[in-house]
Structure formats: structure tokens, C-alpha cells
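Below is one structure, written out as C-alpha cells; comments come after it.
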Amino acid sequence: MHIPSIEVHKAATLAEASALLGRFSPDVRLLAGGTDVLVDLKTARFSVGHLVALGGIKKLRGVTEERDGLRIGALTTITELDRSPLVAGAYAALRDATSRMATPQVRNAATVGGNVAGAVPCADLPPILIAMNATALLSSDKGERTVALEDLVVGPRTTVLRDNELLAAVNVPRPPERFGAAYARFGLREANAIAVAGVAVALALNDDRTVRSARIALCAVAPAPKFVKEATRLLVGRVLDERACAQAAALAMEAAEPISDLRGSAEYRRELVGTLTRRALAAAQQRIGR
Ligand SMILES: Cc1cc2nc3c(=O)[nH]c(=O)nc-3n(C[C@H](O)[C@H](O)[C@H](O)COP(=O)(O)OP(=O)(O)OC[C@H]3O[C@@H](n4cnc5c(N)ncnc54)[C@H](O)[C@@H]3O)c2cc1C
């Protein structure tokens with residue numbers, strides 16, 4: 001299928017991109033790496049008359065270390081994030097997602113902004129970013145605002161972004177002492193298969209190994225990435241023994257709202273959430289060490 005005739009506008013600055021979005025909304029989409037939007041246009045999932053190309057906005061590229069954590073520019077590709085020397089230590093859990101999604105060719109073009117703000121329910125980065133308490137920096141020609149990553153996506157391909165707003169960066173706060181995170185996902189093949197279900201966990205422990213903080217997030221099992229708030233309440237103050245992990249897995253299964261499709265039934269996905277939660281909890285604990 002061919003892409004229908006579209007006008008592509010190259011934005012040189014964030015303000016210009018925002019103004020173009022405002023001018024052509026709702027007949028417009030952003031073009032970052034194009035790995036989703038061009039497929040959607042080709043398959044007529046939607047049609048628009050205008051694309052605003054972000055490639056010329058240098059400010060949107062790259063991973064930097066700030067006083068309070070990592071700043072990941074929205075135009076940073078998945079490969080660039082995966083290979084960044086700053087994605088080390090406690091931040092290295094991001095690689096559980098970046099190293100396993102899609103293929104090297106797709107990862108070279110696909111951007112963090114497209115993965116997060118594209119709001120596709122099976123996207124791999126949102127759960128680990130939510131578990132790590134990341135925030136989204138939204139920008140428009142009127143200014144900037146910050147939202148918690150778990151509040152950004154509200155449904156399939158639907159976000160809280162206003163007509164003239166775009167995602168400028170994702171900020172991941174500096175992890176505390178005795179912190180470990182992990183993302184466990186299941187796909188029908190080892191490579192180039194989207195997640196049937198994914199679970200991310202981030203934990204910080206006290207010296208006596210009780211839980212100081214815990215965050216669990218899911219993907220591919222609800223219309224939007226799912227932050228399992230109740231798991232935090234359940235785990236804080238406890239030792240992560242078998243019983244606590246089983247209860248957290250049960251909570252995550254309850255929080256999931258899976259559908260049945262060609263990749264698996266709703267029941268199968270719910271079971272996967274339980275298994276992946278236990279795996280991610282074990283991997284996160286292992287990364288904390290003794
Ligand atoms: C073969 C194949 C396999 C794939 N496998 C996986 C996989 O395993 N896991 C996975 O998570 N994804 C997978 N994907 C999906 C895709 O590669 C990612 O979601 C990608 O990160 C999208 O980024 P992009 O830069 O290509 O976005 P684009 O296609 O350019 O844009 C996608 C959407 O995001 C919006 N957008 C882009 N940037 C911004 C921004 N800065 N602010 C606001 N909105 C923005 C656009 O308006 C558009 O609606 C796969 C894709 C393909 C083609």
C-alpha cells in the first residue's frame with residue numbers, strides 16, 4: 001500500500017514544531033524515526049495531511065547526566081540509549097528493554113519519544129521508565145510542563161499531550177542506594193517480536209533488607225502502560241520472601257486488563273504477568289546484591 005500524499009514540514013526548533021502542530025491539528029502527526037507512523041499511514045490505520053519532522057531539532061537528541069538523574073532527549077534513538085555509557089550501574093536496567101525490542105535496524109531509527117509518546121500498548125520502554133519513577137518533559141510554544149510517566153498515556157495511541165505539545169525529554173531520577181530494577185518481557189520469538197506481556201520492577205531496600213520503595217509497571221496487558229500502585233503499599237516495609245513476591249505477582253495479575261488476540265488469550269497473558277513479575281522481582285533483587 002502507498003502512503004497518500006502528505007506535506008512534510010521540517011521543524012528547526014521546538015517552538016516551530018509546536019506552532020506547526022497547533023496550526024495543522026488535528027490533521028497532523030510528528031515524524032521522529034518513522035518506524036510506527038509510516039507503517040500506520042501505509043496501512044491506513046489513520047490518515048493525515050501533514051507530518052512535522054523533528055530530525056533537525058538538535059536539542060532533542062542525546063542522553064545527559066544532570067544533577068538529579070538522566071535526561072534522555074526524545075529524539076535519542078533506542079540504539080543510542082542502549083549504547084550510552086551513562087546507562088550504567090542502577091540505570092542499566094533500561095537495557096532490559098532497549099536490547100530486546102524490535103531489530104537492530106529498527107532500533108537505529110526508532111526514538112525514545114516515539115516509543116513513549118506513540119502510546120502503543122506493547123511498547124517496551126514505558127514500564128521500566130515508570131518503575132524507575134521517570135517523568136516526561138512536555139514542551140510547546142507556550143512553555144514546558146512535567147508529568148509523571150504513568151500519567152502520560154491514557155489509552156491506545158492517546159496521551160495527555162495537548163494539540164501543540166510534544167515530548168521533549170524523559171527524565172529518570174538518580175536511583176537511591178541499594179536500588180535494583182529489571183524488566184522481564186515475553187515475546188513469541190527471541191527477536192523482532194513485540195511483547196505479549198512485559199513487567200518492570202524497581203526496588204530500593206533498607207539495610208535490614210526490608211523494602212524502602214517498590215514500583216511495578218506492566219505493558220501489553222492493558223490499553224495503556226499500567227502502574228500497579230497497590231504493589232507499593234503491599235511491599236514497603238516487608239522482606240521480599242516467597243510469600244511477598246507471590247502476593248505482588250497476584251496483585252499485578254489482578255491489575256492487568258488483558259485482551260485476547262493472535263499472540264495469546266487474555267488468560268494466558270494474565271498468567272504471564274504473574275510469572276514475569278516473579279522473574280523481575282528476583283532479577284531486581286539480584287542486582288541489589290548483598
Ligand atoms: C518491525 C518492527 C518491530 C518493532 N518491535 C518493537 C518492539 O519489540 N518493542 C517496541 O516497543 N516497539 C517496537 N516497534 C515499534 C517502534 O519501533 C517503536 O515504538 C519506536 O520507538 C517508535 O519511535 P519512532 O521514532 O519510530 O516514532 P514515529 O514512528 O516517528 O512516531 C510514532 C508516534 O509517536 C509520536 N511521536 C514521536 N515522537 C514524539 C514526540 N517527541 N512527542 C510526541 N509524540 C511523538 C508520533 O506523532 C507518532 O504518532 C517495532 C516496529 C517495527 C517496524
Side-chain angles (χ1 to χ4, degrees), residues 3 6 8-9 11 13-14 17-18 20-22 24-43 45-48 50-57 59-61 72-82 94 96-129 136-140 144-145 147 149 152-153 155-170 183 185-198 200 219-220 225 263:
I3 296 180
I6 287 178
V8 178
H9 309 266
T13 62
L14 268 172
S18 166
L20 285 162
L21 283 176
F24 295 115
S25 175
D27 189 28
V28 63
R29 285 284 193 289
L30 292 172
L31 176 66
T35 62
D36 267 338
V37 79
L38 296 180
V39 177
D40 285 346
L41 288 167
K42 262 192 165 179
T43 53
R45 185 186 287 275
F46 56 76
S47 73
V48 287
H50 304 269
L51 285 174
V52 175
L54 299 177
I57 311 178
K59 198 177 161 189
L60 290 180
R61 292 191 179 276
I72 307 168
L75 262 193
T76 307
T77 66
I78 303 298
T79 301
E80 285 164 352
L81 180 60
D82 190 65
L94 293 170
D96 291 351
T98 54
S99 65
R100 299 193 57 198
M101 65 172 70
T103 62
Q105 294 90 334
V106 172
R107 295 197 290 261
N108 288 343
T111 65
V112 170
N115 197 257
V116 170
V120 174
C122 63
D124 282 298
L125 268 179
I128 186 67
L129 289 169
L137 178 69
L138 312 185
S139 177
S140 77
E144 290 183 337
R145 63 183 177 125
V147 300
L149 212 77
L152 180 70
V153 177
R157 292 175 166 79
T158 315
T159 67
V160 298
L161 283 164
R162 297 176 184 135
D163 285 348
N164 63 344
E165 254 179 347
L166 60 154
L167 175 67
V170 173
Y183 172 58
R185 56 115 72 189
F186 179 80
L188 296 181
R189 289 187 306 240
E190 272 302 304
N192 202 14
I194 57 173
V196 180
C219 72
R263 290 183 187 82

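Counting convention: from 1, in listed order, for ligands and their atoms alike. Each residue takes its place number in the sequence, starting with 1.
Atom 47 (O) of ligand 1 has Leu30 N, 3.1 Å as its closest protein atom, hydrogens excluded (heavy atom only). Looking only at heavy atoms of the protein, atom 18 (C) of ligand 1 is closest to Asn115 ND2, 3.4 Å. Closest to atom 41 (N) of ligand 1 among all protein heavy atoms lies Leu167 O, 2.9 Å. Of all protein heavy atoms, the one lying nearest to atom 8 (O) of ligand 1 is Ala102 N, 2.9 Å.
Between the side chain of Ser18 and the backbone N or O of Ser140 there is no donor-acceptor pair closer than 3.5 Å.
Atom 30 (O) of ligand 1 has its nearest heavy-atom neighbour, among Ala32, Ala17, Ala53, in Ala32. Here atom 32 (C) of ligand 1 lies nearest to Asp36 when heavy atoms of Thr77, Leu21, Asp36 are compared. When the options Gly34, Ala110, Cys122, Gly187 are ranked by their closest heavy atom to atom 20 (C) of ligand 1, first place goes to Ala110. When the options Val52, Val39, Thr35 are ranked by their closest heavy atom to atom 16 (C) of ligand 1, first place goes to Thr35.
Across every non-hydrogen atom of Thr159 and Ala119, the tightest pair is CG2-CB, 3.9 Å. What you find for Val112 and Ile72 is that their closest heavy atoms are CG2-CG2, 3.9 Å.
By the criterion of a heavy-atom distance under 4.0 Å, the side chain of Asn192, and not its backbone, is placed next to ligand 1. In Ala74, the part holding a heavy atom less than 4.0 Å from any atom of ligand 1 is the side chain. The side chain of Leu161, and not its backbone, has at least one atom closer than 4.0 Å to an atom of ligand 1 (non-hydrogen atoms only; side chain from C-beta on). Residue Val37 touches ligand 1 through backbone and side chain together, judged by heavy-atom distances below 4.0 Å.
Note: no N/O pair closer than 3.5 Å links Ala123 and ligand 1 by distance alone. Checking only distances, Leu54 never comes within under 3.5 Å of ligand 1, N or O to N or O.
Asp82 has no carboxylate O lying under 4.0 Å from a charged side-chain N of Arg107, or vice versa, which leaves the two without a salt bridge. Between Asp40 and Arg29, no side-chain nitrogen of the basic residue sits less than 4.0 Å from a carboxylate oxygen of the acidic one, so the salt-bridge criterion is not met.
By the salt bridge (charged side-chain N to carboxylate O under 4.0 Å, His left out) test, Glu165 pairs with Arg145, Arg162, sequence neighbours left out.
You'll find the side chain of Val160 reaches within 4.5 Å of the side chain of Leu152, heavy atoms only. Side-chain contact check for Val28 versus His9: every heavy-atom pair is 4.5 Å or farther apart. Residues Leu38 and Leu31 have side chains in contact (heavy-atom distance under 4.5 Å, counting atoms from C-beta outward).
Taking a 4.0 Å cut-off on heavy atoms, Gln105 fails to register as neighbouring ligand 1. The closest approach between a heavy atom of Val120 and any atom of ligand 1 is not below 4.0 Å.
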